[in-house]
Q: 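Quick one: structure below, then a few questions.
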There are 2 protein chains.
Amino acid sequence: MSNDEKIYQKILKAIVEHQLPPGARLPEDRLSEAFGVSRTGIRKVLQRLALEHFVVIARNKGAQVNHPSEDEALEVLDSRILIEPQLIAGVQRSWNPEQSERFRDLVDEERQAEQAGDMASSIQATARFHYELAQLAGNNVLASFVEQLCYRSSLVIAAYGTRSSVSCDCGDHSQLLDLLDDGQPKKAQAWMKHHLQVIKASLILESQEEQHIDFQRLFKD
Amino acid sequence: MSNDEKIYQKILKAIVEHQLPPGARLPEDRLSEAFGVSRTGIRKVLQRLALEHFVVIARNKGAQVNHPSEDEALEVLDSRILIEPQLIAGVQRSWNPEQSERFRDLVDEERQAEQAGDMASSIQATARFHYELAQLAGNNVLASFVEQLCYRSSLVIAAYGTRSSVSCDCGDHSQLLDLLDDGQPKKAQAWMKHHLQVIKASLILESQEEQHIDFQRLFKD
DNA sequence: AAGGTTTTAATTGTATACAATTTTAGGTGA
DNA sequence: TCACCTAAAATTGTATACAATTAAAACCTT
């Protein structure tokens, strides 16, 4: 993996796990120190994050973690509600015992992270579950769009989520696997739609305060 | 509009209208000469185009116009088939005489461009029709995804399209407007799905040869 | 002390310089 | 002539320098 990609992944992770909360500023100097590369490389990463709506760049003012508006938050979830259930049919077609096992493992990961109280890992695992499921449908264009939406959802939850919506109610995911194992795509599709609607409904709409971040320490490893 | 944005628009236009055909190389030097800015600005634009899949950047080898694989071509159209018909319900909700008139104008533009044999303008107008329609549904996240898919479709058509698929069969678009005027969202939705399926079916799968491009001349204005 | 103005510092925007890599061209021997 | 190797040119990757802009601080003035 390229060096840029590593930096991108680390910053994205920090945002999605809201170690870098919505609204946090991302000065190029600090980041270039923290990662040991020049501003050139940092700018490249920041611009990518901006195109993917994880940060917002204002001319001559720099980047800060996007604080999604209420509209944006709802639109992200609505987009998932429109797309993901429709992918289930394709998932069912390529479903087999190995897939089932693979996804059971993912659910276990979620469950462990949740029980350990590690919200960060929990969020990541949940997003990965949805993304890898989307991949199974066989359309890479849609899958990568779903991937982006999953990560944006993590940001939305960081801004508007409740404790329960973070974990996406882990038991739920294994229910979906049961339905796929039983070969019931209609029910699986309905389940997925309902699942996402529950997450959307669990959002509450209030903002939160700023805080200081030690970039050197956050990215020390 | 920022200077970067202008450059981005111009290069994207040239790609979508396949003045820059799939596979064409985009050396940073030539572009920076042509646009009168340093390579820094050009690289920024190229990286954006790469994230949007309009160009492909290979490490130490630079950018070239993406030549979508057959799989990618089909996936782009399938994505639109999955999304765009579902937006019609929302379009119908916000439909009114002013909207109707606005879109009639767009169809006229398409028709004129087509009759003038101006394939470039025709492609642009068609993409705009679909994009602006998507915007009416009121979900900006999905609308901007549809926008990207429309432009990617233009690239797909440049690579695999027939003469007829370029124009997207202009008469068709006014049929959709008629259905919306009559308040028949179900039929309009079915029509949209069929319309996109026709475009997908019209793709033929064969490549095409390279050619020399004079960047100075192409972007002289 | 409050408000506003000027000065200073911090931050981003853009161009350029140099290193690393790839591509092309040229040449040598079989 | 062809393959192969070497040298030159072209191209991209990254860091740095300086200009432009914005944010912060200091300094009056009332």
Side-chain angles (χ1 to χ4, degrees), chain A residues 1-11 14-15 20 23-67 209-216 218-219, chain B residues 1-11 14-15 20-67 209-216 218-219:
Chain A
M1 193 191 297
S2 77
N3 201 30
D4 286 343
E5 187 71 16
K6 275 187 220 155
I7 296 173
Y8 167 81
Q9 294 286 352
K10 285 194 182 178
I11 297 181
I15 292 175
L20 290 170
R25 297 193 58 189
L26 303 170
E28 299 174 359
D29 284 357
R30 316 292 166 69
L31 292 171
S32 74
E33 281 181 65
F35 288 108
V37 300
S38 81
R39 279 177 50 216
T40 309
I42 295 296
R43 284 177 69 83
K44 189 162 123 185
V45 170
L46 288 178
Q47 277 158 28
R48 173 172 174 188
L49 289 166
L51 284 174
E52 296 172 342
H53 301 97
F54 294 111
V55 309
V56 174
I57 296 178
R59 186 179 178 84
N60 284 318
K61 289 188 176 180
Q64 54 183 67
V65 178
N66 182 23
H67 190 314
E209 68 287 355
E210 303 218 2
Q211 68 187 65
H212 173 76
I213 298 123
D214 182 349
F215 292 99
Q216 201 71 45
L218 180 55
F219 296 118
Chain B
M1 193 190 301
S2 77
N3 200 32
D4 287 343
E5 187 71 16
K6 275 188 222 156
I7 295 173
Y8 166 81
Q9 294 286 350
K10 283 193 182 178
I11 297 181
I15 292 174
L20 290 170
R25 299 193 57 193
L26 303 170
E28 298 173 0
D29 283 356
R30 316 292 164 68
L31 292 172
S32 74
E33 283 181 64
F35 287 108
V37 300
S38 82
R39 279 175 51 217
T40 307
I42 295 297
R43 284 176 70 83
K44 189 162 122 186
V45 170
L46 288 178
Q47 277 158 28
R48 173 173 176 187
L49 288 166
L51 284 175
E52 297 173 342
H53 302 96
F54 294 112
V55 310
V56 174
I57 297 179
R59 187 179 177 85
N60 284 317
K61 289 188 177 180
Q64 53 183 67
V65 178
N66 182 22
H67 191 314
E209 68 286 355
E210 303 215 5
Q211 66 188 63
H212 173 76
I213 298 123
D214 181 347
F215 292 97
Q216 201 72 46
L218 178 56
F219 296 117

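Letters A, B, ... mirror the listed sequences (proteins, then strands); counts begin at 1.
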Q: State which of D/dT16, D/dT22, D/dG13 makes the closest approach to the side chain of A/T40.
A: D/dT16

Q: Among the candidates D/dG13, C/dA15, D/dA23, find the nucleotide nearest to the side-chain atoms of A/K61.
A: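 The nucleotide sitting nearest to the side chain is D/dA23.
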
Q: With the side chain counted from C-beta on, respond yes when A/E28 and A/R43 share a heavy-atom pair under 4.5 Å apart, and no when they do not.
A: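 Of all side-chain heavy-atom pairs linking A/R43 with A/E28, at least one is under 4.5 Å.
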
Q: Might you point out which heavy atoms bring A/I57 and A/L46 nearest each other, and give the distance in Å?
A: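 Minimum heavy-atom separation between A/I57 and A/L46: CD1-O, 3.8 Å.
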
Q: Considering only side-chain heavy atoms of A/N60, which listed nucleotide, D/dT11, C/dT12, C/dT14, is closest?
A: C/dT12

Q: Give me the atom names and distance for the closest heavy-atom approach of A/D29 to A/R39.
A: OD1-CD, 3.5 Å

Q: Roughly, in whole Å, what's the span from CD in B/Q64 to C1' in C/dT23?
A: 14 Å

Q: Whole Å only: how far is the CG atom of A/N3 from the P atom of D/dG13?
A: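 For the pair A/N3 CG and D/dG13 P, the rounded distance is 14 Å.
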
Q: From CD1 of A/I57 over to C1' of C/dT11, roughly how many Å is that when rounded to an integer?
A: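 For the pair A/I57 CD1 and C/dT11 C1', the rounded distance is 13 Å.
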
Q: Could you tell me whether the side chain of B/K44 reaches within less than 4.5 Å of the side chain of B/R48, counting heavy atoms only?
A: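 With C-beta onward as the side chain, the pair stays apart.
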
Q: Nearest to the side chain of A/E28 - C/dT14, D/dG13, C/dG13?
A: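 Of C/dT14, D/dG13, C/dG13, C/dG13 is nearest to the side chain of A/E28.
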
Q: What's the spacing between B/L31 CG and B/F35 CZ if we round to 0.5 Å?
A: 6.0 Å

Q: Please give, in whole Å, the distance from D/dG13 P to B/D29 CG?
A: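 So the two atoms are 12 Å apart, to the nearest Å.
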
Q: Whole angstroms only, please: what is the CD-C1' distance between A/Q47 and C/dT12?
A: 11 Å

Q: Rounding to a whole Å, what distance do you find between A/L31:CG and C/dT11:C1'?
A: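 Rounded to the whole Å, the gap is 13 Å.
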
Q: Between B/K44 (NZ) and D/dT14 (P), how many Å, whole number?
A: 18 Å

Q: Both A/G36 and B/P27 contact DNA chain D. Which one's nearest nucleotide lies toward the 5' end?
A: B/P27

Q: Tell me whether the side-chain N/O atoms of B/R25 come closer than 4.0 Å to OP1 or OP2 in C/dT22.
A: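 Checking C/dT22 against B/R25, no side-chain N or O comes under 4.0 Å of OP1 or OP2.
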
Q: At 4.0 Å (heavy atoms only), tell me whether B/R43 reaches a base, stays on the sugar-phosphate, or touches nothing.
A: base

Q: Roughly, in whole Å, what's the span from CZ in B/R59 to C1' in C/dT22?
A: 12 Å

Q: Quick one: label A/R39 by what it contacts on the DNA or RNA (base, sugar-phosphate, nothing), any heavy atom closer than 4.0 Å.
A: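 If one applies the 4.0 Å heavy-atom cut-off, A/R39 turns out to touch a base.
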
Q: Using a 4.0 Å heavy-atom cut-off across all strands, classify A/G62 as base, sugar-phosphate, or nothing.
A: sugar-phosphate

